[in-house]
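Notes follow once the structure below has been shown.
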Amino acid sequence: MRSTAELPQIPSITLGREPEAASDLSVHDLSKGYETEVLDFLAVRSLHTVYMAGFIRDNGLESPLNRGTFYGCRNSLGQLLGVALIGHVTQIETRTSEALCALARAAQSCSSAHVIMGEKEKIEAFWNHYARAGQSLRLACRELLLEQCWPVEAGEEVSELRPATAADLSLVMPAQAEMALAECGVNPLEVDPAGFQGRCMRRVERGRVWVSVKDGRLAFKADIMAETPEVVYLEGVYVNPRERGKGYGRRCLLQLGRRLLSRSRSICLLVNERNTEAQGFYYGAGYRFRSLYETIYLHK
């Protein structure tokens, strides 16, 4: 239920000299063997790093399934000050502004980047460095990071809600593609049909897609994009137009929340700042605002 509205380009901030301390930093690929160190680093702010941590837990630091490369930024003592996944989706987590600057420079050499996303202040600072020699902005949207925690309202069970199977792909894929098109103006069924089907299938095989199917049509869907013991990150929440305004989607979302919170401390998702209808839907299911996010889609 995320929709994207075009916003003015992120305001430019006057760029001065790079901090001299940045010369003491090094950026390197994070390869197999660094998983524990990196996951410990990301766990400090688990709500904001679940996407990266979930990919590492699922695929390791080195995998084509990450659709990008993990980088680390260290100081002269070898201490980890920043981690970034740079690729199709670029995300960052840093302890210092100098580390953010160093990782932004590293991202400039990635030609496959599609979207940069994260907390508003960090992404604006990242963009001021990245935009010097990176890809140009195609679309920007502002989003709200919402979180659901215990207690979750009890309610009538939805008997149809279940993990999706391969037989549900013909229903899941068009709904997911429709939401992607509304979000960023790109239909994955047209630009990358084989890759899109493979990604949807892997998610289904991992039990990460929950659906409700009524009379042969998709009534509700939600995808677990990433999961750690601390946080579950949801995307692609869909309610069939025929079921909207009846409380059906809310019942499904509450039931899914009760299930997921039995194994994790919280659930988070993003919703467009201008999509007040979707915000009301999530607030009505017990989600609460946590942070303002910025998402930048890039020209290729």
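A salt bridge links Arg208 with Asp58: the distance from a Lys NZ or Arg NE/NH1/NH2 to an Asp or Glu carboxylate oxygen falls below 4.0 Å. With respect to Lys122 and Glu93, a salt bridge is recorded, a charged nitrogen being found less than 4.0 Å from a carboxylate O. With respect to the salt-bridge test (charged N to carboxylate O, under 4.0 angstrom), the residues Lys221 and Glu235 do not qualify.
For the pair Lys214 and Tyr248, the cation-pi criterion (under 6.0 Å, within 45° of the ring axis) is fulfilled. Geometrically, Arg95 engages Phe41 in a cation-pi contact defined by less than 6.0 Å to the ring centre and at most 45° from the axis.
Closest non-hydrogen pair, Asp192 versus Arg199, comes out as OD2-NH1, 3.2 Å.
Atom NZ of Lys246 has more than 12 neighbouring heavy atoms from other residues, nucleotides or ligands inside a 6.0 Å radius.
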Side-chain polar contacts of residues 110-119 - donor-acceptor pairs under 3.5 angstrom, sequence neighbours left out - could you list them?
unit_1, atom_1, unit_2, atom_2, d
Glu119, OE1, Arg45, NH2, 2.4
Glu119, OE2, Arg45, NH1, 3.2

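No side-chain N or O of His129 forms a donor-acceptor pair with one of Arg105 less than 3.5 Å apart. One side chain, Asn59 or Asn66, offers a donor N or O that lies under 3.5 Å from an acceptor on the other.
Looking only at side-chain heavy atoms (C-beta outward), Tyr293 and Arg142 stay at 4.5 Å or farther from each other.
Although no hydrogens or angles enter the test, the distance criterion places no donor-acceptor pair under 3.5 Å between the side chain of Gln176 and the main chain of Pro174.
Taking the six-membered ring for Trp and the full ring otherwise, the centers of Tyr34 and His28 sit less than 6.0 Å from each other.
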